[in-house]
There are 2 protein chains.
Amino acid sequence: MEKNTATTIFETLSSGVRLDVYRLLVRQGKAGLVAGEIAAALDLPATNLSFHLKSMVHANVVTVEQEGRYMRYRANLAQMLELIAYLTEECCEGNPEQCLPLLSSPCAPESSCCPKPEETQ
Amino acid sequence: MEKNTATTIFETLSSGVRLDVYRLLVRQGKAGLVAGEIAAALDLPATNLSFHLKSMVHANVVTVEQEGRYMRYRANLAQMLELIAYLTEECCEGNPEQCLPLLSSPCAPESSCCPKPEETQ
DNA sequence: TCAATATTTCAATAATTGTTGTATAGTTAA
DNA sequence: TTAACTATACAACAATTATTGAAATATTGA
């Protein structure tokens, strides 16, 4: 991942409105939501939501697909995982022994998102 | 982690200057760097660096410690891990089966930061 | 085709953030 | 205690981002 890609992701999620939109879409999973549903859920003017969605699509943290007259938005988890990998990669370069104890936590068994390999296959 | 904490972290890392500072400090590990060393490494005016460091300390992505007349800064990896956990937690809530395939990647064996448990102990 | 609906674009304005130089405060060492 | 050094605070200005309403674009269904 390039530096500009990372800062663009950070920038888009630095807004409370956009973080709300992102988390809402994450909760919806693959189903996603159309713009009007997002606006209703978060009580946002359509114009303002459109502004923020444009930023999020540009940062590739959400995807958009036309569905007739509707636009369906979905969270792009893959992009978030690439950002995490980018940060993880940086943190270990040179002296991995310093951050390994900390970095084991997102992979710990108690995390519902990172099961041990033998549990997923 | 609270929403405001997350947006503050995203905001502080949304600046190219601050991401440079963060990654520089991450590379230094526990040793960290004093402000003047950071300014020299990144060729920044002291005033401007001070402005950005203040933001990063406020977001708790770096820590600061007085050392005589110097101020030593260090990356706070724990805070980054909490942010990752916060995002990971959100992404799996409700329908974890949708994001599990994606989320296994940062735990993959090829990642130098997330070795399998049997390799660390 | 035409009216209704969904969403975006545009323009105007408000609010926030970034950069620089100068001044200030604290620390060190002679 | 004084001169040199490190870093931050402040003020001014430049640049960017956020919000809103009005207008435009595109799709649907009668």
Side-chain angles (χ1 to χ4, degrees), chain A residues 3-25 28 31-76, chain B residues 3-25 28 31-76:
Chain A
K3 178 181 151 187
N4 283 348
T5 306
T7 56
T8 301
I9 296 170
F10 283 127
E11 183 182 341
T12 209
L13 293 176
S14 70
S15 146
V17 172
R18 292 192 293 266
L19 188 56
D20 282 342
V21 171
Y22 183 75
R23 294 173 71 191
L24 176 63
L25 289 175
Q28 303 303 314
L33 288 174
V34 299
E37 291 172 331
I38 301 171
L42 301 179
D43 194 26
L44 289 171
T47 305
N48 191 18
L49 176 61
S50 183
F51 168 82
H52 289 298
L53 285 173
K54 186 178 175 182
S55 156
M56 297 175 79
V57 169
H58 177 248
N60 199 28
V61 298
V62 305
T63 61
V64 60
E65 184 185 12
Q66 183 148 14
E67 212 173 76
R69 80 178 93 175
Y70 303 91
M71 300 295 273
R72 183 165 297 272
Y73 289 88
R74 295 182 178 89
N76 181 5
Chain B
K3 177 182 152 187
N4 282 349
T5 306
T7 55
T8 302
I9 296 170
F10 283 126
E11 184 182 340
T12 208
L13 294 176
S14 70
S15 146
V17 172
R18 292 191 294 266
L19 188 56
D20 283 342
V21 171
Y22 183 74
R23 294 173 71 191
L24 176 63
L25 289 176
Q28 302 304 313
L33 289 173
V34 299
E37 291 171 331
I38 301 171
L42 301 179
D43 193 27
L44 289 171
T47 306
N48 191 16
L49 176 62
S50 184
F51 168 82
H52 290 298
L53 284 173
K54 186 178 175 181
S55 157
M56 298 176 78
V57 169
H58 177 248
N60 199 28
V61 298
V62 305
T63 62
V64 59
E65 185 185 12
Q66 183 149 15
E67 210 173 81
R69 80 179 94 173
Y70 303 91
M71 301 295 273
R72 183 165 297 273
Y73 290 88
R74 295 182 178 90
N76 180 5

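Lettering follows sequence order; numbering is per chain, from 1. Just so we're clear, the structure is a prediction, and the values are computed from it rather than from any experiment.
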> Roughly how many Å is it from CZ in B:Phe51 to C1' in C:dG18, rounded to a whole number?
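So the two atoms are 5 Å apart, to the nearest Å.
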> How large an angle, rounded to 10°, do the end axes of the helix from C:dT1-D:dA30 to C:dA30-D:dT1 enclose when each is built from five base pairs?
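Nearest ten degrees gives 30° for this helix.
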> Under 4.0 Å, heavy atom to any atom of DNA chain D: which of residues 54-74 of chain A qualify?
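Correct list: A:Gln66, A:Gly68, A:Arg69.
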> Could you report the tightest heavy-atom contact between B:Val34 and B:Tyr70, atom names first, then the distance?
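Taking B:Val34 first and B:Tyr70 second, the nearest heavy atoms are CG1-CB, 3.7 Å.
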> List in numerical order all residues of residues 8-19 of chain A for which some heavy atom is under 4.0 Å away from an atom belonging to DNA chain C.
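Going residue by residue through residues 8-19 of chain A, none turns out to have a heavy atom under 4.0 Å of DNA chain C.
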> Spell out, as yes or no, whether a donor-acceptor pair under 3.5 Å connects the side chain of A:Ser50 to the backbone of A:Thr47.
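Checking the backbone N and O of A:Thr47 against the side chain of A:Ser50, no donor-acceptor pair under 3.5 Å is found.
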> Run the side chain to side chain donor-acceptor pair (under 3.5 Å) test against A:Glu67 and tell me which residues pass, sequence neighbours left out.
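A:Glu67: side chain to side chain donor-acceptor pair (under 3.5 Å) contacts with A:Arg72.
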> Where do N or O atoms of nucleotides 1-3 of chain C meet protein N or O atoms at under 3.5 Å, pair by pair?
none

> According to salt bridge (Lys or Arg N to Asp or Glu O under 4.0 Å), who are the partners of A:Lys3, at least two apart in sequence or on a separate chain?
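For A:Lys3, the residues satisfying salt bridge (Lys or Arg N to Asp or Glu O under 4.0 Å) (neighbours in sequence not counted) are B:Asp20.
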> With rounding to the nearest 0.5 Å, note down the distance linking NE2 in B:His52 to CG in B:Leu42.
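The CG atom of B:Leu42 is 10.5 Å from NE2 of B:His52, to the nearest 0.5 Å.
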> With A:Ser14, which residues qualify under side-chain contact (heavy atoms from CB on, under 4.5 Å), at least two apart?
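By the side-chain contact (heavy atoms from CB on, under 4.5 Å) rule, A:Ser14 matches A:Arg18, B:Phe10, B:Glu11.
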> Quick check for you: to the nearest 0.5 Å, what is the distance between B:Thr8 atom OG1 and B:Leu13 atom CG?
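One finds 11.0 Å between OG1 of B:Thr8 and CG of B:Leu13.
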> So, for A:Leu24 and A:Ala41, which heavy atoms are closest and what is the spacing to 0.1 Å?
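For A:Leu24 versus A:Ala41, the nearest heavy atoms are CD2-CB, 3.8 Å.
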> Check B:Ala6 against A:Leu19 and note the closest heavy-atom contact, atom names and distance.
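Here B:Ala6 and A:Leu19 meet closest at CB-CD2, 4.0 Å.
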> With sequence neighbours left out, write down each residue that passes side-chain contact (heavy atoms from CB on, under 4.5 Å) with B:Ala35, or none if nothing qualifies.
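By the side-chain contact (heavy atoms from CB on, under 4.5 Å) rule, B:Ala35 matches B:Leu53, B:Tyr73.
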> Name the first nucleotide and the last nucleotide along DNA chain D (5' to 3') that come under 4.0 Å of a heavy atom in chain A.
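Counting from the 5' end, contacts occupy D:dT17 to D:dT28.
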> Separation of A:Leu53 atom CG from C:dT9 atom P, in whole Å?
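So the two atoms are 11 Å apart, to the nearest Å.
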> Taking side chain to side chain donor-acceptor pair (under 3.5 Å) as the definition, give me every residue that meets it alongside A:Glu37, ordered by chain and number, with sequence neighbours left out.
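With sequence neighbours excluded, A:Glu37 shows a side chain to side chain donor-acceptor pair (under 3.5 Å) to no residue whatsoever.
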> Got a sec? Which of residues 38-47 of chain B come in under 4.0 Å of DNA chain D, heavy atoms?
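By residue number: B:Ala46, B:Thr47.
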> Could you name each residue pair satisfying side chain to side chain donor-acceptor pair (under 3.5 Å) that touches residues 54-64 of chain B, not counting sequence neighbours?
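The answer is B:Thr12-B:Ser55, B:Asn60-B:Asn76.
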> Between B:His52 and C:dT17, is there a side-chain N or O to OP1/OP2 distance below 4.0 Å?
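Result: no.
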> Run the side chain to side chain contact (heavy atoms under 4.5 Å, CB included) test on A:Leu44 and A:Ile38 for me, step by step, so that the C-alpha distance in whole Å, both residues' side-chain angles and the decisive distance to 0.1 Å come before the verdict.
CA-CA 8 Å; A:Leu44 289 171; A:Ile38 301 171; 5.5 Å; no
